[in-house]
Structure formats: C-alpha cells, structure tokens
Asks: 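For reference, the structure I am asking about is given below.
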Amino acid sequence: MRKIIQFFKESYAELKKVVWPGRDDVVSSVKVVIISTIIVAAILGVIDLVLFRGITALF
C-alpha cells in the first residue's frame with residue numbers, strides 16, 4: 001500500500017513540472033490539424049476519383 005501512495009505522490013509532483021499549453025497554442029494547433037485533414041482528404045479524394053475513372057474506362 002505504501003508503494004501505491006508513493007506512486008501517486010511522485011506522479012503529482014511530476015504533473016506540477018508540466019508546462020501546459022495556453023489557449024492560443026491549443027487553438028493554433030487545432031487549426032493546423034483541421035487544415036491538414038482537409039488537404040489530405042482532398043488529395044485522397046482526387047486520387048480516388050482518378051483511379052475510379054481509370055478503372056471504369058478500362059472495363
């Protein structure tokens with residue numbers, strides 16, 4: 001039981017050392033993720049369309 005209590009005390013001490021990102025950092029990161037997701041989805045959509053049309057033309 002002593003080891004469990006020690007673990008939680010050490011975990012709490014480590015969490016105090018963490019530098020949490022501010023609101024601006026989080027918002028900018030979310031924007032990057034959303035824009036990247038849209039770009040990748042568009043690229044994959046174009047590739048899918050080209051392959052679909054190519055296969056349809058062959059058969």
Asks: Taking atom CG of Leu44 and atom CG of Leu51, what is their separation to the nearest 0.5 Å?
Replies: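 One finds 10.5 Å between CG of Leu44 and CG of Leu51.
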Asks: Search all heavy atoms of Thr37 against all heavy atoms of Val33 and return the closest pair with its distance.
Replies: OG1-O, 2.7 Å
Asks: If two hydrophobic side chains count as joined below 4.5 Å and joins carry through other members, does Val18 share a cluster with Val26?
Replies: no
Asks: Output the distance between atom CD1 (Ile4) and atom NZ (Lys9), rounded to the nearest 0.5 Å.
Replies: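 Here the interatomic distance stands at 13.5 Å.
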Asks: Supply the atom-to-atom distance Ser11 OG to Gln6 CD, rounded to the nearest 0.5 angstrom.
Replies: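 Ser11 OG to Gln6 CD: 10.0 Å, rounded to 0.5 Å.
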Asks: Given the rule that I, L, V, M, F, W and Y join up when any side-chain heavy atoms are under 4.5 Å apart, are Phe7 and Leu15 in one cluster?
Replies: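 No; tracing contacts between hydrophobic side chains, which count when under 4.5 Å, never links both residues.
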Asks: According to a 4.5 Å side-chain heavy-atom criterion applied to Ile, Leu, Val, Met, Phe, Trp and Tyr, with indirect links allowed, do Phe52 and Ile43 form part of one hydrophobic cluster?
Replies: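 No, because Phe52 and Ile43 fall into different hydrophobic clusters, even though each may have its own neighbours under 4.5 Å.
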Asks: If every non-hydrogen atom of Asp25 is compared with every non-hydrogen atom of Ser28, which pair is closest and at what distance?
Replies: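 Shortest heavy-atom contact: O-OG, 2.9 Å.
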